[in-house]
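Worksheet: the structure to be examined is printed underneath.
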Amino acid sequence: MIRVNIDGKVLKCENGTTLYEVAENVKTDYDHDIILAMCNGSLCELSKKLTENSKVEFVTTASYIGNECYRRSVTFMMLKAFYKVVGMKNIEKISVHHSVSKGYYCQVFGNVQIDDAILQAVKEEMNTLCKRNILITKEVMSTAKAIKKFNKYGMNDKVHLLKYRRSSTVNVYRMEAFEDYFYGYMAYSTGLLKYFDIIPYDEGFVLQMPTKEEPEKVPDFNPKHKVFKVLKEATDWAEMMGVPTIGHVNDKITDGTINNIMLVEEALQEKRIADIASEIASRKDIKIIMIAGPSSSGKTSFSHRLSIQLLAQGLKPHPIPVDNYFVNRENNPVDEDGKLDYEVIEAVDVKFFNDQMSELLAGKKVELPDFNFVLGKREFHGNFLQLGQNDVLVIEGIHCLNDKMSYSLPNDKKFKIYVSALTPLNVDEHNRIATSDLRLLRRIVRDVRTRGTSAESTIEMWHRVRRGEENNIFPYQDTADAVFNSAMVYELSVLKTYAEPALFSVSENTPEYLEAKRLLKFLDYVLGMPKENVPKNSLLSEFVGGSIFPV
């Protein structure tokens with residue numbers, strides 16, 4: 001017999017008992033479904049057999065890790081259902097793309113026309129698979145064998161990816177006879193995967209799934225059409241350039257053609273910035289440009305590059321960071337963890353901001369503030385501004401798309417821009433890259449380089465940053481007049497060089513270790529490259545260093 005300690009509750013089990021069997025004994029103690037476990041400090045699937053006394057903490061679908069596992073597992077079930085309904089011979093590939101409205105946008109390529117009838121049949125097959133409670137098993141096989149297997153299945157993106165795998169083995173998941181490779185752990189069986197929907201959208205469909213906040217509820221479908229359009233354009237471009245996945249980017253690095261990709265991508269970004277500047281210049285009433293976006297989206301570099309393009313259009317831009325309008329620290333709100341919350345709009349002196357901007361629009365001379373982050377208070381250093389005929393204000397801050405931030409300013413005077421790192425890159429056709437992961441890696445690299453902040457500290461506060469984005473930025477994305485995508489397919493290869501040492505420094509004894517380990521495992525798929533060929537005005541230089549701008 002072995003002893004299993006679960007939050008102080010000790011169970012006696014037979015040697016070889018699975019974590020799933022233990023979970024079944026205690027599931028009524030949890031408010032949500034158990035999907036994974038921490039066993040003696042390591043994250044495990046519920047299929048793990050216990051062979052020694054163990055300390056176990058169960059992971060439910062109401063956690064970030066559990067929700068991601070749920071989403072992977074539902075995606076696996078969807079793929080099996082699609083191949084069953086449509087037939088493998090009719091499918092060239094199914095691509096699981098970026099996030100749309102809490103779900104994944106997917107496309108099917110091959111001899112098949114996606115319509116409501118097919119999607120309904122797939123949904124019914126998924127419900128059948130769920131009711132049958134099929135085991136999801138894992139086989140550790142040689143990388144060479146896995147490459148041969150996926151080559152046979154026509155899953156060419158996986159063949160590209162595994163070609164660069166350093167490990168001699170790979171985990172292949174099986175749901176009855178259907179096999180696939182996934183980056184991350186899976187649920188024990190399909191019986192847990194009860195909550196999902198399939199919704200036709202654009203040229204494909206969205207696999208809609210619950211959030212960790214409401215793990216037993218499929219959220220309403222509420223796509224942000226402007227952001228989706230920009231992401232789709234980026235995805236189409238990546239396909240056209242032959243770099244839709246990490247494996248394809250690795251190919252470009254090894255054959256020496258990655259510099260061409262870099263030059264084209266940087267040129268496309270510059271053209272998009274110039275187009276936005278031209279649109280602003282063509283609207284003669286515009287005096288205030290409001291720029292918002294989530295953390296590490298490259299807003300600062302974008303605002304500098306936009307200012308250069310505005311100058312080329314004959315306008316005189318004046319950058320104003322909203323951060324300079326923070327309330328004094330003693331008046332700053334705190335979050336549910338009792339920590340200062342700089343993400344909420346109440347952290348900004350909105351009235352003072354509106355008063356000053358209104359005075360500037362009225363032609364008055366105004367002394368602008370600076371915020372002293374060391375002392376935590378607003379200061380004035382003689383920075384006066386008065387707007388002329390061709391002057392425009394370039395205002396950057398997380399609340400700039402929210403009209404509460406600029407409630408007194410006329411809408412016809414404002415031009416709103418949403419900036420985000422909307423990566424079109426996938427790990428392979430079935431494993432997407434979360435845009436939040438790209439931004440977290442950017443932030444880790446920049447924080448280590450410019451602020452002396454450890455990766456551990458950045459990871460620790462990331463959930464609070466993400467919570468602020470969900471509440472204060474993402475709801476307003478589609479109110480923007482323009483959406484700018486700052487992501488580049490080559491940047492992970494540059495970030496890897498700087499992110500890996502920072503992530504390796506995270507102590508195994510900290511809560512942040514699991515996330516650091518996950519990111520390191522992810523970066524293991526990526527071939528690194530130096531930053532020497534990254535242009536000095538690139539948005540990427542804001543994070544890896546060498547930028548020509550004061551960022």
Query raised in the report: Tell me, do D116 and P200 make a side-chain contact under 4.5 Å, heavy atoms counted?
Result: yes
Query raised in the report: Between R442 and E491, is there a side-chain N and carboxylate O pair less than 4.0 Å apart?
Result: yes
Report task. Side-chain contact test, heavy atoms from C-beta onward, threshold under 4.5 Å: evaluate it for V96 versus E429 and give yes or no. Result -> no
**Report entry** Electrostatic pair D335:K339 at N-O distance under 4.0 angstrom
**Finding:** no
Query raised in the report: Is any side-chain heavy atom of K212 closer than 4.5 Å to a side-chain heavy atom of S63?
Result: no
Query - Close side-chain approach of P215 to Y70, heavy-atom, < 4.5 Å - result: no
Report task. Flag the pair K145 / F150 as yes when at least one side-chain heavy-atom distance between them is below 4.5 Å, and no otherwise. Result -> no
Report task. Using the side chain to side chain contact (heavy atoms under 4.5 Å, CB included) rule, take F484 and L539 through it: C-alpha gap first, then chi angles, then the decisive distance, then the call. Result -> CA-CA 12 Å; F484 178 79; L539 274 78; 3.9 Å; yes
Report task. Applying ring-ring contact (aromatic ring centres under 6.0 Å, His included), run through Y173 and F182 and close with a yes or a no. Result -> CA-CA 7 Å; Y173 287 94; F182 281 91; 7.0 Å; no
Query - V506 backbone acceptor or donor facing T510 side chain under 3.5 Å - result: no
Query - D33 (side chain) donor-acceptor with T61 (main chain) under 3.5 angstrom - result: no
Query raised in the report: Is the backbone N or O of N222 less than 3.5 Å from a side-chain atom of S101, with the two atoms forming a donor-acceptor pair by type?
Result: yes
Query raised in the report: When you look at Y164 and I253, which way does the side chain to side chain contact (heavy atoms under 4.5 Å, CB included) test go after all the steps?
Result: CA-CA 12 Å; Y164 295 98; I253 293 173; over 6 Å; no
Requested in this report: Could you check if a side-chain atom of P219 sits within less than 4.5 angstrom of a side-chain atom of E214, using non-hydrogen atoms only?
Outcome: no
Query raised in the report: If only atom types and distance count, is the side chain of N133 paired as donor or acceptor with the main-chain N or O of G191 below 3.5 Å?
Result: yes
Requested in this report: Check whether any side-chain N or O of K496 sits under 3.5 Å from a backbone N or O of L523 as a donor-acceptor pair, and report yes or no.
Outcome: yes
Query - Pair K224 + D478, salt bridge at N-O below 4.0 Å - result: no
Query raised in the report: Within the distance-only criterion (no hydrogens, no angle test), does the side chain of E21 pair as donor or acceptor with the backbone N or O of T18 below 3.5 angstrom?
Result: yes
Query raised in the report: Hey, does the side chain of K138 reach the backbone of R174 with a donor-acceptor pair shorter than 3.5 angstrom?
Result: no
Report task. Could you walk me through whether V489 and E265 pass side chain to side chain contact (heavy atoms under 4.5 Å, CB included), step by step? Result -> CA-CA 8 Å; V489 296; E265 247 189 323; 3.4 Å; yes
Query raised in the report: Is it true that R518 and D437 make a salt bridge, defined as a side-chain N closer than 4.0 Å to a carboxylate O?
Result: yes
Report task. Evaluate the side-chain proximity of L527 to V249: yes if any heavy-atom separation is below 4.5 Å, no if none is. Result -> no
**Report entry** Basic-acidic side-chain contact under 4.0 Å: E343, R464
**Finding:** no
